[in-house]
Amino acid sequence: MPETLTIIDNRTGTKYEIAIENDTIRAMDLRQIKIRGDDLGMLSYDPALMNTAAVKSRITYIDGDKGILEYRGYPIEQLAENSTSYLEVAYLLITGELPNQKQLEEWCSDIQKHTFIHENIKKLTEGFRYDAHPMGTFISTIAALTTFYPEAKDIFSAEMREKQIHRLIGKATTIAAFTYCHSLGRPFVYPANDLSYTANFLNMMFKIGESRYTVHPVFEHALTVLFILHADHEQNCSTNVMRSIGSSHVDPYSAVAGAAAALWGPLHGGANEAVIHMLDEIGSVARVPSIIGDVKDGKRKLMGFGHRVYKNYDPRAKVIKKLADQVFAVTGKNRKLDIALELERIALEDDYFIKRKLYPNVDFYSGLIYEAMGFKINFFPVLFAIPRIAGWLAHWQEHILDQEQKITRPRQVYLGHRGRTWVTIKKR
Ligand code: ACO
């Protein structure tokens, strides 16, 4: 069976033979399809890049129909179950292999060396309004790191890349916690590097007054699992932004800030915050049927439902649901859980949702856990961005080292005016 695709252009009757590799054709091969010799040639039109593979990647595998998610070949359920630290999974994503004991210790130590931030960054945080959305502060502060580490622009030095990776992962939690403390007028808590990545973060967030703050082991575990689940998700909106910005060869701080901005939107990482607002607005289980009715009438969306790739179930949502029980056993049940469960129950039995293959995604239950743990609702997107930094950096590095890649520059189908003649302002 030849690995080719035959295309006949019925405008000209010309036949083209196009190579198939990995079940794809190269869009550039369509360019030979022309009516006249000076034509640009055929383009493929793909709004929202629904059917365009723009990269070859070895980082994360998703089979949306079967509900499979793997990082570097390891199923997400196994990583969530067995990995004892987020940094171990970050290492896997970035280097491609699970670390041995020595590698893990070195990796953790390298990152912990970079958890402190320059005092001027602290002052920068203080410059934001106390009621600023934490994601706005987080994005801006990450972007500002580029002004402290100008050597980061040396992106083709492996040593320099590694250093910025350590810095970005190390400082992300400190910047996030300082953002949080600033919004509440609390004193900043400096990193405690004898704690795990997530315990140190919880310590910086919630320690106030006590000489020795004890991080609850259930919360530390829950946050570790949530960070693992959010660490990467192949070519999603923000990762595509990370790769696209990185393709211009800018430094990784600028690229991560751009990716985090893409993550913030309510259709992406901002959905966890939107879900809680939605549950608050619904207010009671009794109102669920009327909300479902509004969704079916096209008046609103069910936040935390639906996914571009998962059309069966989101495997992360399954892990999170189990985790929720462990956290609620400590905190008491989040009163919004009953509303969420009823929404899920009715939606999963309803034809509208069944036909469109709409299932709860990772964000449907994560916010309920975060809220029970004491995080403020508008902080949820930051809790998504912190772990996703490892994924963004893995993709950034893969992208800039890929010899087939160039600066990202899609084409357009131009439908506007052409060749108009200037009209003076009085005559318009
Ligand atoms: N509630 C109600 N209807 C929905 C929802 C929803 N949450 N999501 C999709 N639909 C409907 C659409 O209206 C459409 O119906 P139609 O065929 O009658 O027009 C159909 O399902 C297909 O939806 P699309 O918009 O084509 O799906 P797409 O793949 O473009 O969007 C997305 C995916 C953005 C996640 C969407 O499902 C959504 O907006 N969900 C709510 C926001 C959300 O939870 N985002 C988090 C995603 S996970 C993440 O980023 C971490």
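These numbers were taken from a predicted model, which means no experiment stands behind them. Just so you know, ligand 1 is whichever comes first in the structure, and atom 1 is the first atom listed for that ligand.
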* Polar proximity ligand 1 side, Lys301 side, N/O cut 3.5 Å exclusive -> yes
* Where does Arg356 meet ligand 1, judged by heavy-atom distances below 4.0 Å: at the side chain, the backbone, both, or neither? -> side chain
* Mind checking whether Lys311 has an N or O less than 3.5 Å away from an N or O of ligand 1? -> no
* Structure fact -> Quick note on ligand 1: atoms under 4.0 Å from a heavy atom of Val362 include exactly 51 (C)
* To do: Please check if the distance between the ring centroids of Phe384 and His233 is under 6.0 Å.
  => no
* Kindly check if the number of other-residue, nucleotide or ligand heavy atoms within 6.0 Å of CD (Gln32) is above 12? => yes
* Please indicate, with yes or no, if any protein heavy atom is found under 4.0 Å from atom 37 (O) of ligand 1? => yes
* **Those atoms of ligand 1 less than 4.0 Å from some heavy atom in Phe384** => 51 (C)
* **Contact partition for Asn236 relative to ligand 1, non-hydrogen atoms under 4.0 Å** => neither
* **Protein contact to atom 48 (S) of ligand 1 [nearest heavy atom, distance to 0.1 Å]** => His307 CD2, 3.6 Å
* Asked: Would you say Lys122's side chain and Ile117's backbone share a donor-acceptor pair under 3.5 angstrom?
  -> no
* Would you indicate which of Met50, His268, Arg308, Lys355 comes nearest to atom 29 (O) of ligand 1 when only heavy atoms are counted? => Arg308
* Structure fact -> Honestly, for Leu358 the part within reach of ligand 1 (heavy atoms, under 4.0 Å) is side chain
* Would a search of protein heavy atoms around atom 43 (C) of ligand 1 find one under 4.0 Å away? -> yes
* **Protein contact for atom 10 (N) of ligand 1 (heavy atom, distance under 4.0 Å)** => yes
* **Proximal atoms of ligand 1 relative to Gly304 (non-hydrogen, under 4.0 Å)** => 43 (C), 44 (O)
* Asked: Could you walk me through whether Tyr213 and Phe206 pass the side-chain contact (heavy atoms from CB on, under 4.5 Å) check?
  -> CA-CA 8 Å; Tyr213 173 81; Phe206 299 120; 3.4 Å; yes
* With a 4.0 Å cut-off, strictly under, does atom 1 (N) of ligand 1 pick up any protein heavy atom? -> yes
* To do: Could you see which bit of Asp363 sits under 4.0 Å from ligand 1, with heavy atoms only: side chain, backbone, both or neither?
  => side chain
* Asked: Would you say Glu349 has more than 12 foreign heavy atoms packed within less than 6.0 Å of its CD?
  -> yes
* Protein contact for atom 23 (O) of ligand 1 (heavy atom, distance under 4.0 Å) -> no
* Are there more than 12 heavy atoms of other residues, nucleotides or ligands under 6.0 Å from atom CG of Asp23? -> no
* Structure fact -> heavy-atom search around atom 35 (C) of ligand 1 in the protein gives Gly306 O, 3.7 Å
* To do: Flag atom 6 (C) of ligand 1 as yes if some protein heavy-atom distance to it falls below 4.0 Å, otherwise no.
  => yes
* Would you say the side-chain atoms of Lys311 pair up with the backbone N or O of Lys357, donor to acceptor, closer than 3.5 Å? -> no
* Asked: Would a search of protein heavy atoms around atom 27 (O) of ligand 1 find one under 4.0 Å away?
  -> no
* Under 3.5 Å: donor-acceptor pair, side chain of Asn272, backbone of Asp363 -> no
* Asked: In this structure, are over 12 heavy atoms from other groups packed under 6.0 Å from Glu81 atom CD?
  -> no
* To do: Compute the centroid of each ring, for Phe178 and then for Phe138, and state whether the two points are separated by less than 6.0 Å.
  => no
* Give the contacting part of Leu302 toward ligand 1: side chain, backbone, both or neither, where contact means a heavy-atom distance below 4.0 Å. => both
* **Within the 6.0 Å centroid threshold, strictly below: Phe380 and Phe375** => no
* Counting only heavy atoms not in Lys318, do more than 12 sit closer than 6.0 Å to its NZ atom? -> no
* Structure fact -> If we number the atoms of ligand 1 from 1 as shown, the ones under 4.0 Å from a heavy atom of Ala271 are 43 (C), 44 (O), 45 (N), 46 (C)
* Has Arg300 got more than 12 heavy atoms of other residues, nucleotides or ligands less than 6.0 Å from its CZ? -> yes
* Which atoms form the tightest heavy-atom contact between Ala177 and Met205, and what is the distance? -> CA-SD, 3.7 Å
* Which segment of Val295 sits under 4.0 Å of ligand 1 when only heavy atoms are counted -> side chain
* Is it the case that Arg72 places NZ or CZ above or below the six-membered ring of Tyr74, under 6.0 angstrom from the centre and within 45 degrees of the axis? -> no
* Structure fact -> Closest to atom 3 (N) of ligand 1 (heavy atoms only, candidates Phe305, Tyr359, Tyr352, Phe353) is Tyr352
* **Nearest protein heavy atom with distance in Å, relative to atom 45 (N) of ligand 1** => Leu267 O, 3.0 Å
* **Closer than 4.0 Å: a protein non-hydrogen atom to atom 18 (O) of ligand 1** => yes
